[in-house]
Amino acid sequence: MPILDCSGDVIIAAATAFGKTEAAFLPICSRLISAEQSGACVLYVSPLKALINDQSDRMERLCESLDIPVHPWHGDISQSRKREFLKQPSGILLITPESLESLFVNRGTSVAGLFSGLLYIVVDELHSFLGTERGQQLQSQLRRLEDAVGRQIPRIALSATLGDMVLAASFLRPPGGDKVHVIESAAPGQGLKLLVRGYRITGLTDRDREEDEEEPVNDGSARAVASDLMKTLRGSKNLVFANSRSQVEKYADLLGRICETERLPNEFWAHHGNLSKEIREDAEAALKDPSRPATAICTSTLELGIDIGTVKSIAQIGTPNSVASLRQRLGRSGRRGEPAILRTYIQESEIDSKSSIEDLLRTELVQTIAMVNLLLARWCESSGTGRLRLSTLIQQVLSVIAQFGGITPRRAWFILSDVFAADQGTFLQVLRTLGTRKVIRQEADGTLLLDEAGERIVGHYSFYSAFTTPEEYRIVAAGKTLGTLPIDRPLQENSALIFAGRRWRVVGIDEQRKVIEVRPSPGGRVPEFNGGRGDVHDRVRQEMRAVLVGKDIPSYLDTMARELLGEARTHFSHYGLEYRNIVPNGSETVVFTWRGDRVNDTLAVWFKHLGQIAQNSGAAVRVFACESDTVAALERMASDPPPEAAVLADCVRNKLSEKYDWLLDEPLMNAEYASRKLDVSGAHEFVETLVKGHQTM
DNA sequence: GACCTGCTGCGGGGTG
């Protein structure tokens, strides 16, 4: 048993509620008991405070008779409880990455002493850290802990089953992770019931319809979808995943009003990240309560591990964001031997003279079919590597300076170089840029110290997180906070608002305190949140093409979905897309790449670099030029040596994205953007193949 | 890049 003999790193991968925690902590506890030193301890890192609360209760029960102290530590834990661990560091410490960061910053000199008896580091929900800023921060923290105690500490990770366990292993123990033991549960084939429902939107749009409540609902609108959800889900426990917070509000409101009209108790709850903790906990309690039916309309908030019991089925409105998240969502239904049930609801618009080729190809539906096929083939996206993550590098540089009260560049590079992809030249350029912005300064002996701006940044508590949160208004009704709305989506006094699945009117806005006061009111309008859509992977677009080329009709499609797929295939062959990729379309030219958004975005920027205007339309790249000019540009791309990614990035405006990007100079910003958004070799490979095929025809 | 996620030390005032 690799955990018990302390011989190395381990990943335990299994579905939720599969006993991963026990599998890790039973051997860990027996090691803790038999450890001879007095300060023997284990560090458990979790992405969620709620999970720390759940787990520390479970561990306390497990450890009660064993005399092992359990210390939960996060922002809601009192100072006095935190002092208990500081006074006598032993047992199990459960902590978030942000609270761990605060230990480095505020108690830098004590870290080595606090963790001198550290036996293991356990990372829960490892999959949620992969390919993220927070994950990069965590990797750096694990490295810094080992640096502080002067030895390697076994790392135990608990994870959902993943597409690529090799990547997960190299995340857990960079660079290669080849010595990590991976223990994967052989998941029992639980069975899956699938349905994809198609809708053809006819007549009025949803916005027109808000005026007319009595409109019949067989018209493919959101109301038609809501009415089907009502019929199918009423009376049981379900999760309905909508792709955005506004969609959650829209469907929660529609379902609530159907219940009202039919004089039924409302069993539908809204759940997303901008709703207050209390409102979300009400919804979670309703799901957990076995005595009554409840369905939550939610975003990815209910994808991760918080305990909500078993639900009967999952519904997905619109094409999923990724196969990986579809798989996570599915894992929420059908435990204890029952099959998982997934129903997907896809709306496509009616075709008229204004329809684009992308509309004609029914890309929402085709993408959904492609993703379901990939899910059934057990494929899913793995998180990207090779990102520079200069923003998180800046955070960690400032944090090690604070930890040691000053550090030489050489020593900082020694600690951080293993976990960041930046080379030494880039690292030094980051230090120089921080110097010119008065964030850090250098002593005559070479030591780096925080300068004025740096002291301000590190001194504020917002420093501990690697990610940013936009400024928000608080929504308050009768003294109770309902949640928040982004500040750059302002509301007018008297305007109507749908929030937390209910209808309100704005009665006051306090600009100073950033509070919006609302009262119940019959009118309503779905609020806007920021953001568009996530990137689609290469493999998904390739599968979409395969779906369009294919002849078989998946058995999980309903009648309308079959009809829509038939139309898509007719148009696909009408445009000859099986044999060509380039379609002239009025004054524009549409280039079908069947590649992911990174390649399409790169091509759009590359066209711009060559003086043409182009745009990624999702399924294709639209070039605002005639066919011959487009082909000429593509031939140039294929024959010239591909440009440096940073040169392409220079053509892009507004590249700021992560927390400390604003501290970078232009060349660093270009390098960061290129590593985040561009795939030049993928784009080049596409044009080469395309042009070669073109010439032989 | 959708959707998420997180947060200290200290001063002021009150109570025992």
**Study point:** First of A/Gly75 and A/Asn274 reached from the 5' end of DNA chain B, by closest nucleotide
**Key:**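 The answer here is A/Asn274.
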Taking only Lys NZ, Arg NE, NH1 and NH2, and the carboxylate oxygens of Asp or Glu, determine whether [X] and [Y] approach each other closer than 4.0 Å.
X        : Y        : result
A/Arg502 : A/Asp253 : no
A/Arg622 : A/Glu358 : yes
A/Lys677 : A/Asp535 : yes
A/Lys49  : A/Glu98  : no
A/Lys655 : A/Glu672 : no

Among [options], the one nearest [X] by side-chain distance:
X        : options             : answer
A/Ser300 : B/dC3, B/dT5, B/dT8 : B/dC3
A/Arg676 : B/dT8, B/dG1, B/dT5 : B/dG1
A/Thr299 : B/dG9, B/dC4, B/dA2 : B/dC4
A/Lys677 : B/dC7, B/dC4, B/dG1 : B/dG1
A/Asn106 : B/dG1, B/dC4, B/dG9 : B/dG9
A/Arg280 : B/dT5, B/dT8, B/dG1 : B/dT5
A/Ser244 : B/dG6, B/dC7, B/dC3 : B/dC3
A/Phe467 : B/dC7, B/dT5, B/dG1 : B/dT5
A/Tyr461 : B/dC7, B/dG1, B/dC4 : B/dC7
A/Asn321 : B/dG1, B/dA2, B/dG6 : B/dA2

field: Contacts of A/His272 that satisfy ring-ring contact (aromatic ring centres under 6.0 Å, His included) - sequence neighbours left out
entry: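 If we apply the ring-ring contact (aromatic ring centres under 6.0 Å, His included) test to A/His272, skipping adjacent residues, the hits are A/Phe529.
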Touch class at under 4.0 angstrom, heavy-atom based, for [X] against every strand present:
X        : value
A/Lys659 : nothing
A/Ser99  : sugar-phosphate
A/His272 : sugar-phosphate
A/Ser657 : sugar-phosphate

Span that lies between the C1' atom of B/dT5 and that of B/dG1, in whole angstrom:
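My reading of the C1' atoms in B/dG1 and B/dT5 gives 16 Å.
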Provide, to the nearest angstrom, the distance between the [atom1] atom belonging to [X] and the [atom2] atom belonging to [N].
X        : N      : atom1 : atom2 : result
A/Asp538 : B/dG1  : CG    : C1'   : 15 Å
A/Lys82  : B/dC10 : NZ    : P     : 13 Å
A/Lys655 : B/dG1  : NZ    : P     : 13 Å
A/Glu98  : B/dT5  : CD    : C1'   : 7 Å
A/Glu133 : B/dG1  : CD    : P     : 10 Å
A/Asp76  : B/dC7  : CG    : P     : 7 Å
A/Ile77  : B/dG6  : CD1   : P     : 12 Å
A/Phe529 : B/dC4  : CZ    : P     : 8 Å

Has [X] got a side-chain N or O lying under 4.0 Å from the OP1 or OP2 atom of [N]?
X        : N     : value
A/Lys49  : B/dC7 : yes
A/Arg107 : B/dG9 : yes
A/Ser465 : B/dC7 : no
A/Gln79  : B/dG9 : yes
A/Arg134 : B/dC7 : no
A/Thr96  : B/dC7 : yes

Which stems, defined as runs of 3 or more consecutive Watson-Crick or G-U wobble pairs with both pairing distances under 3.5 Å, involve DNA chain B?
->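 None - DNA chain B has no stem of 3 or more consecutive pairs.
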So does A/Val536 get a backbone contact from the side chain of A/Asp597, meaning a donor-acceptor N/O pair under 3.5 Å?
yes
Item to check | Cation over ring face, A/Arg134 and A/Phe129, 6.0 Å, 45° | outcome: no
Sequence neighbours excluded, the answer for salt bridge (charged side-chain N to carboxylate O under 4.0 Å, His left out) partners of A/Arg58 is A/Glu22
